[in-house]
Amino acid sequence: MMDRTKYLYLAGTVVLAAAPAVLNTYWVDVLNNVGMYAILGLSLNLIVGHAGLFNLGHAAFYAIGAYTAAILNSHFHIPVLWLLPLSALTAGLFALMIARPIIHLRGDYLCIVTIGVGEIVRIALINNVFGITGGANGIFGIDRPQIFGWVIRRPQEFYYLIWLFLMVTVFLFQRLENSRFGRALNYLREDETAAEGSGIHTAHYKLMAFVIGAAWAGMVGNIFAAKMTIISPESFSFWESVLMFTLVILGGSGSIPGVLLGALLIIGLPELFRGFANARMAIFGVAMVAMMIFRTGGILPARPRTYRLPQPAAAVEAKP
Amino acid sequence: MEQFFQQLTNGLAVGGIYALIALGYTMVYGVLKLINFAHGDLFTIGAYLGLTLLTSLSLTDRLGPFWGVVALAAMAMGLVALVGALLERVAYRPLRESPRLSAVVSALGASIFLSNAVMLIYGARFHVYPQDLLPKITLDLFGLQLPLVRVLILAASLVMMTALYLFIQKTRIGTAIRAAAIDQGAARLMGIDVDRVILLVFLIGPALGGVAGVMVGIYYGQINFTMGWTYGLKAFTAAILGGIGNIPGAMVGGLLLGVIEAMGAAYISIAWKDAIAFCILIAILIVRPTGLLGERVAEKV
């Protein structure tokens with residue numbers, strides 16, 4: 001079982017690594033978008049799928065990461081990729097600040113608050129808050145990222161940066177899912193009262209998941225800023241949050257393969273059917289309703305996890 | 001002082017519209033404990049259907065401006081109520097026994113579908129309501145120059161709210177709605193057909209939302225397919241402000257929010273107008289999640 005998945009991932013990696021050699025620039029760029037949304041989806045999945053917190057304002061954290069990179073790069077000329085940790089930090093801190101007082105709200109209220117926060121951030125960016133966000137025009141002239149003097153410029157080069165980042169994300173989030181932290185999240189999502197009864201500090205774990213997810217989205221924001229070299233508030237509208245949320249829900253919340261598939265379907269598929277470009281959001285809406293009625297877990301739902309009890313003598317980390 | 005009263009009346013008129021939309025949220029929440037995210041889009045549909053009816057039937061030419069607008073509002077109410085009932089049947093009824101959050105996702109999906117369906121049918125551009133719908137008269141009230149439209153909008157929303165309040169408080173059906181909101185199981189044991197109550201709530205709420213859409217079209221003159229989200233969120237804020245699930249609360253909350261917003265736009269900053277409502281929303285959920293007069297929403301953690 002495990003071997004098959006490993007081979008599948010290996011085969012996938014080979015195909016993906018070869019992709020830019022076969023595809024033209026346009027399709028490589030589509031894959032870049034798929035990759036970025038996959039990372040965003042995975043970060044949101046930690047919040048929605050694992051912690052069970054409905055976040056419809058994820059674009060706000062993405063925006064804060066992007067603006068952190070853009071402002072520091074354009075004012076102080078710090079190389080963009082060096083700002084990755086800082087983008088994560090600002091997005092994470094902002095998430096901590098807003099989530100701390102509201103984390104105890106019931107699911108649907110949390111959802112509304114995150115929508116509100118997303119809108120406040122967008123309006124703040126448009127209104128040129130603190131005089132550093134450039135208002136409705138945004139910020140331009142962001143440097144291209146550099147790795148050891150190699151300037152990443154063409155979509156093909158970004159492709160490797162983005163998909164490498166995605167692979168690292170998948171690897172880390174897979175580890176996280178099976179860690180003590182991930183198991184605690186799983187428990188509290190399934191039965192909060194029982195989890196609390198077993199000594200899991202639910203508010204703490206929910207908050208951690210929210211902050212980590214937001215910080216990760218901040219890093220994607222950094223890469224987005226570097227890729228576009230221009231960012232403006234309209235890139236971080238409410239629909240971005242909806243898109244991320246939809247891909248997590250349709251793909252399979254709580255399931256990494258599900259989210260990857262979701263990103264491919266929601267970002268990649270509309271490119272195949274250009275004629276339906278206008279109708280795609282309407283179709284996603286219907287798909288969401290149908291999915292909730294017929295297949296609540298998404299296309300590739302999270303599988304129930306099994307853990308073996310550690311041997312009493314040698315407490316080995318249990319494998320899934 | 002002049003500006004203050006102008007903003008106050010403007011805020012009350014907009015607040016009346018918020019209150020009408022908020023009533024839909026709060027009634028559905030009261031009975032189903034569901035935030036009907038698609039409610040804002042029903043409001044949009046009301047505005048667009050109103051425009052279509054207006055241009056295709058030329059009601060104001062036949063019935064005169066006043067009765068024409070009344071007939072238009074009534075027709076928009078009826079049609080949107082049907083859409084609301086259909087929405088309940090398709091997107092919410094199959095999920096009544098499911099976990100709450102499944103229904104929330106379904107509501108979101110329905111909302112995305114409805115707003116984009118409006119875009120596909122009418123196009124993404126702004127649509128304009130005829131400007132000569134109501135005669136452009138300014139009334140002179142106690143030395144205050146008020147546009148007729150503003151006064152009529154406020155009056156209409158007050159009349160509808162009063163009617164709804166009396167209906168809920170004084171009639172048998174209204175009592176049934178209140179009973180179902182308090183305890184569905186007990187209501188069922190008392191012989192109340194809860195399914196019918198839910199259907200009724202999904203007729204009344206969208207009807208009020210739909211007429212609010214027509215009012216916005218008449219008051220501001222232009223409509224857009226995304227306006228359901230902003231108005232929906234603000235009306236939802238109003239519902240929370242008054243205490244969700246509480247019908248008088250939604251009315252008070254709506255009027256209050258309208259006034260706060262108008263004052264904020266006039267005396268603080270117009271650029272931040274849309275952010276004011278969201279800040280209020282977050283502040284209330286942090287400080288007093290029950291709203292001014294409502295039920296408890298925070299879970300103990």
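Every chain is numbered from 1, with letters handed out A, B, ... down the list of sequences. No hydrogens, no waters, no symmetry mates; every other heavy atom, side chains included, goes into these values.
Side-chain atoms of A/L265 and A/I299, non-hydrogen and from C-beta on, do get closer than 4.5 Å to each other. With a 4.5 Å cut-off on side-chain heavy atoms, B/T237 and B/Y18 do not count as touching. For the pair B/I112 and B/F37, the minimum side-chain heavy-atom distance is 4.5 Å or more.
For the residue pair B/S111 and B/H39, no side-chain donor N or O sits within less than 3.5 Å of a side-chain acceptor on the partner. B/Q222 and B/H127 are not linked by any side-chain donor-acceptor pair at a separation below 3.5 angstrom, with hydrogens and angles left out of the test. When only modelled atom types and interatomic distance are considered, B/T52 and B/Y122 share a side-chain donor-acceptor pair under 3.5 Å. There is a side-chain donor-acceptor pair under 3.5 Å between A/Y37 and A/E240.
Interface summary for chain B: among A/T193, A/I123, A/I102, the most heavy-atom pairs under 4.5 angstrom belong to A/I123. Of all the listed residues (A/N127, A/I120, A/I249), the one sharing the greatest number of non-hydrogen pairs under 4.5 Å with chain B is A/N127. Across A/I126, A/V113, A/I112, the residue that shares the most heavy-atom pairs under 4.5 angstrom with chain B is A/I112.
Only the side chain of B/V104 has a heavy atom closer than 4.5 Å to any heavy atom of chain A. Looking at B/Y92, neither its backbone nor its side chain comes within 4.5 Å of chain A, counting heavy atoms on both sides. For B/S102, the parts lying near chain A are the backbone and the side chain together; criterion is any non-hydrogen pair under 4.5 Å. Only the side chain of A/L56 has a heavy atom closer than 4.5 Å to any heavy atom of chain B. Proximity to chain A (any heavy atom under 4.5 Å) is shown, for B/W272, by both the backbone and the side chain.
Listed in order of number, the residues of residues 284-295 of chain A that approach chain B to under 4.5 Å between heavy atoms are A/G285, A/V286, A/M288, A/V289, A/M292, A/I293.
In this structure, the side-chain contact (heavy atoms from CB on, under 4.5 Å) partners of B/T26, at least two apart in sequence or on a different chain, are B/A239, B/I244, B/I247, B/A250.
Below 30°, between 30° and 60°, or above 60°: for A/H204 and A/H201 the angle between ring planes is between 30° and 60°, a tilted geometry.
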For this session: Before giving the answer on side-chain contact (heavy atoms from CB on, under 4.5 Å), spell out for B/W229 and A/V242 the whole-Å C-alpha distance, their side-chain angles and the decisive distance to 0.1 Å.
Result: CA-CA 12 Å; B/W229 262 105; A/V242 171; 5.5 Å; no

